[in-house]
Number of protein chains: 2
Amino acid sequence: MPPVSIRDVAMRAGVSVGTVSNVLNRPNLVAEATRERVRAAIGELGFVRNESARQLRQGRSRTLGVVVESLGNPYFTDLARGAEAAMNTDGFDALWCTSDGSAAKERRCLDFLEEQRVSGVIITPVGLDAGRIAELRDRGLSVVVLDRRAYDGVCSIRVDHVAGGEIAVDHLTSRHRRLAIVTGPLVAEPITDRYEGAVAAARRAGVAEEHLTTLVQGDLTPTSGMEAARRLLELDPLPTGVFCANDLLAIGLVNALLRTGVKVPEEISVVGYDDIELAGTSVVPLTTVRQPRHELGWTAAELAVAEAGTAEGHEHRGLALSPSLVVRESA
Amino acid sequence: MPPVSIRDVAMRAGVSVGTVSNVLNRPNLVAEATRERVRAAIGELGFVRNESARQLRQGRSRTLGVVVESLGNPYFTDLARGAEAAMNTDGFDALWCTSDGSAAKERRCLDFLEEQRVSGVIITPVGLDAGRIAELRDRGLSVVVLDRRAYDGVCSIRVDHVAGGEIAVDHLTSRHRRLAIVTGPLVAEPITDRYEGAVAAARRAGVAEEHLTTLVQGDLTPTSGMEAARRLLELDPLPTGVFCANDLLAIGLVNALLRTGVKVPEEISVVGYDDIELAGTSVVPLTTVRQPRHELGWTAAELAVAEAGTAEGHEHRGLALSPSLVVRESA
DNA sequence: AGCCTAGCTTGAAACGATTCACGATCTTTG
DNA sequence: CAAAGATCGTGAATCGTTTCAAGCTAGGCT
């Protein structure tokens, strides 16, 4: 049978389409009896609102787009849940897109979301220039930048990764004088910030330049962590404290060290970053820096919803959440 | 400025709206010069198609919904990528929803997708009854069931987990006579199938009933794996071969064993399931059962697209992909 | 010249909801 | 009893696109 429209429901219930719409959207304007009759008709016919028509007429949508690099990192799940929870609370739905770290895919995501007429976008930009952002804003979309410093004229919410890198290395320097920092490509802001904070903390603690080694890996996976362990063990003198830019790296590194017979933390101490579940369940429970992931997602959504709500004058805010050290056994 | 519509573009280019629409959808019907003029106008005004209007008029959408339990399991990423790649190839876009294992949330996801008028749904059902599925199909949606056995009248694609459990345990029984099986709640089909296959293989290999222990954990996380290790070590006599229903469990279990000083695989051999990246990078590289994840996602999308394309007579297919054993060092 | 055809373009009718000014009834009140 | 509310319903206009029958032009053919 052909799709059921509001008109069919009206006919069945013996009322006008306007009344059906009222039952759907302002039920208090409709007399009890009529309301029930319409509801019955809806049930019998299996009517489902056509969101396209609704949105077309209303001009706006109750949908927010979220563009992230990947859903793969377990760190991401909490963020997603936090964001979705906040949106649902405010009657919004989320459209998830992944850029896979490619500027081209990111563009396609944004095009898609614009065509869908989402009322706002939460995004972790990869190849996004100020121009495109301005474009989005001009079209009336609220934009929230996630985990990057504020751009001009948009809200942003991030974690203070400089501080994160600092507390990690502060913890190491209390017992170690020769450090290594294992990181991914120094491109994305969260990574460069962690690195910067780590280096600054090491200097401040008086670690000698020649005793501060940086190992840049191709990505932030456990496989890269193992590779980093190999490179680490070639250093002379051997560093005794290692900071890894995320937990997956740290886990790979620790595992590789253990395979080689190097004791953690006795011979080498390791601090990770993220506090994913695996950090607590690895062979040597990992000392790491925890990010308030759920809160990050929740707040991002709140910002987006708030801005989508206000018609004009909106005060853009750049928020930064603080990470915290979780001490376990690896350092 | 107010949103730019096709009408504004038409005015600017000095043509009718019909022509603009043709440039957008059937450019070959439009004369070269006109086409360029319209394209220029589109660029100058920054016109973006309103997908709602398009969809409303066309009746159908080029969008498929995907409902999965969670995006958290790293196993899931490949599947998502495979599905999205296949859809994009066919000019479809994906709408991702997570049910978080709750029947209520699953219902809300489906409601959302129906209101969006997606042309099909790929779903890993959690609380879905045949009635609701029939409803979806009656409304003209193509339905593909993912990782569950075929329902009546829908396509399905899954991995043969019974076979997966078998090859895992076959590998163990070649050297072990006392086995333990660690699993999550015996509710979801992929888990019960693995269990069933594992038990069948053990029996077939002549493992005595009293030497086949099942440890049912609350979930499939590494934390539960550690818990399982504790329970395992209380058994007497100690099993020497363990099959875990997924890699996260196995990793937690192995790590807990190592912490306690039990040697893997010398004292206890462990086989996991999934072959996530961490399987290869744990302290003792994990022997595990690999699922063709990318292919699973890709094929699911292909099925959905195919069915969405055909108007009427569609032959429903129930596909099952074969898992394979990846032998590393843990068993 | 008259007629055809091919190639472009037009304009109006949908699609399915929301909105809002306006009727129709019924109650209340002076 | 008439006027004034109060309470419910109605129906047409509208959102931005696609679609399609019909119109127009230019050129070729007889």
Side-chain angles (χ1 to χ4, degrees), chain A residues 1-39 41-42 45-63 91 114-119 139-140, chain B residues 1-39 41-42 45-63 91 111-112 114-119 139-140:
Chain A
M1 80 190 77
V4 180
S5 84
I6 215 181
R7 175 172 261 103
D8 302 316
V9 174
M11 211 153 273
R12 170 89 164 214
V15 298
S16 74
V17 294
T19 301
V20 176
S21 178
N22 278 337
V23 171
L24 257 27
N25 302 301
R26 293 110 91 199
N28 56 308
L29 290 189
V30 180
E32 170 93 16
T34 322
R35 206 189 310 152
E36 286 317 314
R37 204 142 35 88
V38 171
R39 291 230 167 99
I42 288 179
L45 272 56
F47 166 76
V48 176
R49 232 206 209 103
N50 184 325
E51 183 64 25
S52 295
R54 174 184 173 74
Q55 197 167 299
L56 172 60
R57 175 60 232 248
Q58 294 203 144
R60 66 216 146 78
S61 78
R62 300 165 13 275
T63 311
E114 279 202 273
E115 291 183 355
Q116 299 289 330
R117 293 292 190 272
V118 295
S119 60
R139 304 220 171 95
Chain B
M1 81 191 75
V4 180
S5 83
I6 216 180
R7 173 172 263 103
D8 303 316
V9 174
M11 209 153 274
R12 172 85 164 215
V15 298
S16 74
V17 293
T19 300
V20 176
S21 178
N22 279 337
V23 170
L24 256 27
N25 303 300
R26 289 110 91 200
N28 56 306
L29 291 189
V30 180
E32 168 95 18
T34 322
R35 207 189 310 154
E36 285 317 316
R37 205 144 31 89
V38 171
R39 291 230 166 99
I42 288 179
L45 280 92
F47 165 76
V48 177
R49 231 207 211 103
N50 184 325
E51 184 64 25
S52 296
R54 174 184 174 73
Q55 199 167 296
L56 172 59
R57 174 60 232 241
Q58 294 202 144
R60 67 217 145 79
S61 76
R62 298 164 15 276
T63 310
D111 289 346
F112 171 74
E114 280 202 272
E115 291 183 355
Q116 298 289 331
R117 294 291 190 272
V118 296
S119 59
R139 303 219 171 95

Using side-chain heavy atoms (C-beta onward) and a distance below 4.5 Å, is [X] in contact with [Y]?
X        : Y        : value
Pro27(B) : Asn22(B) : no
Leu29(A) : Thr19(A) : no
Val38(A) : Phe47(A) : no

Arg49(A) or Arg35(B): which one's nearest nucleotide on DNA chain C is closer to the 5' end?
Arg35(B)
Contacts of Ala53(A) and Gly14(B) projected onto DNA chain C by closest heavy atom; the upstream (5') one is Gly14(B)
Identify the 5'-most and 3'-most nucleotides of DNA chain C with at least one atom closer than 4.0 Å to a non-hydrogen atom of chain A.
dG16(C) to dT19(C)
How long is the straight-line distance from CZ of Arg54(A) back to CZ of Arg49(A), given to the nearest 0.5 Å?
3.5 Å
As an exercise, state the distance from CD of Glu114(B) to CD of Glu51(A), rounded to the nearest 0.5 Å.
13.0 Å
To the nearest 10°, give me the bend of the helix from dA1(C)-dT30(D) to dG30(C)-dC1(D), comparing the axes of its five terminal pairs at either end.
60°
Are any side-chain N or O atoms of [X] and backbone N or O atoms of [Y], one a donor and one an acceptor, separated by less than 3.5 Å?
X         : Y         : value
Ser61(A)  : Arg117(A) : yes
Arg139(B) : Gly46(A)  : yes
Arg12(A)  : Ala41(A)  : no
Arg35(A)  : Val30(A)  : yes
Gln116(A) : Thr63(A)  : no

Using a heavy-atom cut-off of under 4.0 Å over every strand shown, decide if [X] touches base, sugar-phosphate, or nothing.
X        : value
Ser5(A)  : sugar-phosphate
Ser52(B) : nothing
Gly59(A) : nothing

What's the verdict on side chain to side chain contact (heavy atoms under 4.5 Å, CB included) for Val23(A) and Val9(A), showing C-alpha distance, side-chain angles and the deciding distance?
CA-CA 11 Å; Val23(A) 171; Val9(A) 174; over 6 Å; no
Examine the base of dT17(D) for any acceptor or donor lying under 3.5 Å from a partner atom in the side chain of Arg57(B), and report the outcome as yes or no.
no
Quick one: does Arg54(B) reach the base of dT18(D) with a side-chain donor-acceptor pair under 3.5 Å?
no
Take atom [atom1] of [X] and atom [atom2] of [N], then tell me their distance rounded to the nearest Å.
X        : N       : atom1 : atom2 : result
Leu45(B) : dG16(D) : CG    : C1'   : 15 Å
Asn50(B) : dC15(D) : CG    : P     : 12 Å
Gln58(B) : dC20(D) : CD    : C1'   : 14 Å

Within residues 20-32 of chain B, those residues having any heavy atom closer than 4.0 Å to DNA chain D are Ser21(B), Asn25(B), Arg26(B)
